[in-house]
Amino acid sequence: MIQLNYRDSKPIYEQIKEGLRRLVILGVIAKDEKLPSVRELASELAINPNTIQRAYRELETEGYIYTVSGKGSFAAEQTDVKGGRNVHLLEEFDDIVRELLYLSESKESLKERIEKIAEGGEEQ
């Protein structure tokens, strides 16, 4: 499900958050599907439950998951994801595109990649 890299400079909770976010985006975790409990995932990954709780809390703030008291956490519908996330990602996208263009990547190549991803294909 989620793989952690202890040599990565990124904090563990961020790695968990990104892993779960990716699973939701790719549809591996379907809308309204129950996520593992904090304790289950902490046990599976052999880490502190507080780390999982922090990742879940941030994913909920971003709108990727929602929590039902006494029932657990579930994957949210795409429309529930906060619009601020789009703004942040577009800013990152712009920076990356600028750098790729600076490194002589062609506009056509970038357009082709975007179209391929939009059609459901894998990036190169």
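The figures that follow rest on heavy atoms only: side chains count, while hydrogens, waters and symmetry mates do not. Along the sequence shown, the residues carry numbers beginning at 1.
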Heavy-atom neighbours of Tyr6 OH exceed 12 at 6.0 Å: yes
Distance, nearest 0.5 Å, that separates NZ of Lys71 from OG of Ser37: 15.0 Å
In one Ile/Leu/Val/Met/Phe/Trp/Tyr side-chain cluster, 4.5 Å: Leu101, Leu103: no
Test item: Ile16 and Ile47 side chains (from C-beta on) under 4.5 Å apart, heavy atoms: yes
Shortest non-hydrogen contact from Tyr56 toward Ser73: CD2-OG, 3.7 Å
Heavy-atom pair with the smallest gap, counting every atom of Ala76 and Gly63: CB-O, 3.2 Å
Qualifying salt bridge (Lys or Arg N to Asp or Glu O under 4.0 Å) pairs with a residue from residues 95-110, counting only residues at least two apart or across chains: Asp95-Arg98
Note, Leu41 side chain near Leu35 side chain (heavy atom, < 4.5 Å): no
Distance in Å, Ile2 CD1 paired with Arg21 CZ, rounded so as to fall on 0.5 Å steps: 11.5 Å
Distance-minimising heavy-atom pair for Ala30 and Ala75: O-CB, 3.2 Å
Considering all heavy atoms, the nearest Gln15-Asn5 contact: OE1-N, 2.7 Å
Linked, directly or transitively: Leu59 and Tyr13 (ILVMFWY side chains, under 4.5 Å): no
Verdict with reasoning, Ile52 to Leu45, per side-chain contact (heavy atoms from CB on, under 4.5 Å): CA-CA 10 Å; Ile52 305 295; Leu45 297 174; 4.1 Å; yes
Test item: Ile25 and Tyr64 side chains (from C-beta on) under 4.5 Å apart, heavy atoms: yes
Same cluster (ILVMFWY, side-chain, under 4.5 Å), Leu100 and Tyr102: no
Heavy-atom pair of closest approach, residues Phe93 and Ile114: CZ-CD1, 3.7 Å
Trace of the side-chain contact (heavy atoms from CB on, under 4.5 Å) decision for Leu20 with Ile65: CA-CA 9 Å; Leu20 288 170; Ile65 67 173; over 6 Å; no
Thr61 side-chain N/O to Arg57 backbone N/O, donor-acceptor pair under 3.5 Å: yes
Criterion side-chain contact (heavy atoms from CB on, under 4.5 Å) on Asn48 and Ile12, from CA distance to verdict: CA-CA 10 Å; Asn48 188 312; Ile12 299 297; over 6 Å; no
Least distance between heavy atoms, Val38 atom then Gln53 atom: CG2-OE1, 3.2 Å
Side chain to side chain donor-acceptor pair (under 3.5 Å) involving Lys10 - partner list, sequence neighbours excluded: Glu18
